[in-house]
Amino acid sequence: MSPDQEPTPAADRPRPPASAGRPLRAHARRNRENLVAAARAAFTAADDTVPLEGIARDAGVGIGTLYRHFPTREALVEAVYAAELDDVTDSAPALLKELSPEQALRAWMERYAAFVATKRAMLNTLHSGWASGRLATPATRERITAAIGALLAEGVRAGSLRADVAADDVTAMLLGVFLSTAADDEPERTGRLLDLVVDALRPPASS
């Protein structure tokens with residue numbers, strides 16, 4: 001029996017609450033958030049299968065609580081992936097409020113790199129879930145490209161980024177960077193390549 005199929009331990013199975021009041025719902029919500037946060041950290045640090053027991057321990061809950069929120073490994077991976085994708089796509093507008101478009105684009109690329117790093121430890125589970133139909137296939141590329149498009153558009157308006165570049169081409173360049181550095185343990189190299197991508201997106205100097 002795989003960890004995904006383990007029954008909820010009897011000692012930790014959910015019991016009907018004494019009351020269905022708001023504090024219990026808030027407590028359950030915090031447990032779920034803690035589990036997702038612990039899983040995100042674990043998947044980022046690991047390149048292989050992450051034990052669910054360790055995630056529960058890091059979140060400060062029992063394995064039964066984990067299974068109540070996420071009955072299978074796929075369910076947990078899907079929640080982490082969705083949270084990561086939301087964070088990376090939603091970060092573009094926030095960065096544009098704080099930084100120039102060019103700086104915002106470079107900072108966003110770092111956030112996207114972190115998203116890709118987290119996803120590596122989840123790939124097998126995600127691919128099997130998507131292939132079987134147990135997990136919905138997210139519109140990841142479309143959402144990433146839309147975020148890049150918003151950053152590019154602001155850069156074009158400011159005159160700091162080229163107007164003749166398609167957002168999907170930038171997505172392809174970034175995926176090339178991440179694919180070529182996947183086996184490296186050199187974040188500095190990834191950073192240098194991202195700097196080159198930003199350089200390529202600057203308007204050519206007037207002659």
Side-chain angles (χ1 to χ4, degrees), residues 25-26 28-46 50 55 58-59 66 69-70 73-123 125-127 129-130 135-158 160-163 165-179 181-182 187 190-191 193-195 197-198 200-202:
R25 289 201 299 269
R29 185 170 61 252
R30 281 195 301 274
N31 282 343
R32 188 182 193 282
E33 291 169 353
N34 289 341
L35 284 164
V36 171
R40 290 168 79 168
F43 290 138
T44 301
V50 176
I55 291 173
D58 292 344
L66 185 150
H69 288 282
F70 305 105
R73 179 180 294 273
E74 285 180 346
L76 177 59
V77 165
E78 184 177 36
V80 172
Y81 186 87
E84 284 285 305
L85 183 58
D86 285 346
D87 280 357
V88 73
T89 54
D90 293 349
S91 64
L95 288 169
L96 284 169
K97 291 180 181 178
E98 301 172 4
L99 303 168
S100 68
E102 186 179 352
Q103 292 172 326
L105 177 62
R106 182 63 181 82
W108 183 87
M109 288 179 179
E110 290 288 347
R111 183 66 193 83
Y112 185 25
F115 166 72
V116 173
T118 302
K119 191 173 73 170
R120 284 178 188 143
M122 302 188 288
L123 278 179
T125 301
L126 287 168
H127 285 166
W130 292 337
L135 298 181
T137 304
T140 304
R141 181 155 183 153
E142 291 85 346
R143 292 181 62 186
I144 291 294
T145 300
I148 292 172
L151 291 159
L152 289 176
E154 289 299 319
V156 170
R157 278 192 280 272
S160 59
L161 296 173
R162 294 171 55 165
V165 176
D168 194 56
D169 288 344
V170 179
T171 302
M173 286 193 291
L174 293 176
L175 292 175
V177 168
F178 301 140
L179 181 63
T181 58
T190 301
L193 292 174
L194 294 179
D195 287 339
V197 172
V198 173
L201 297 176
R202 292 190 178 103

**Study point:** R32, CZ atom: more than 12 neighbouring heavy atoms under 6.0 Å
**Key:** no
**Study point:** Least distance between heavy atoms, A150 atom then L96 atom
**Key:** O-CD1, 4.2 Å
Any donor-acceptor N/O pair, [X] side chain to [Y] backbone, under 3.5 Å:
X    : Y    : answer
W108 : V88  : yes
T145 : E142 : no
R111 : D87  : no

Exercise for review: Please report the C-alpha distance between V165 and V156 in whole Å, then the side-chain angles of each, then the deciding distance to 0.1 Å, and finally whether the side-chain contact (heavy atoms from CB on, under 4.5 Å) criterion is met.
Suggested key: CA-CA 10 Å; V165 176; V156 170; over 6 Å; no
Exercise for review: Indicate yes or no: does R157 engage E154 in a salt bridge with an N to O separation below 4.0 Å.
Suggested key: yes
**Study point:** Carboxylate-amine/guanidinium contact E110 R106, below 4.0 Å
**Key:** yes
**Study point:** Step-by-step ring pair (Phe, Tyr, Trp, His ring centres under 6.0 Å) determination, F115 to Y81
**Key:** CA-CA 9 Å; F115 166 72; Y81 186 87; 5.5 Å; yes
**Study point:** Distance-only polar pair, side chains of S100 and Q103, donor-acceptor under 3.5 Å
**Key:** yes
Practice item. Applying side-chain contact (heavy atoms from CB on, under 4.5 Å), run through D168 and T171 and close with a yes or a no. Key: CA-CA 5 Å; D168 194 56; T171 302; 4.2 Å; yes
Point to revise | Y112 side chain near L194 side chain, heavy-atom distance below 4.5 Å | key: no
Review point. Given the rule in the side-chain contact (heavy atoms from CB on, under 4.5 Å) test, do V170 and M173 qualify, once you have shown the distances and angles that lead to the verdict?
Key: CA-CA 5 Å; V170 179; M173 286 193 291; 4.1 Å; yes
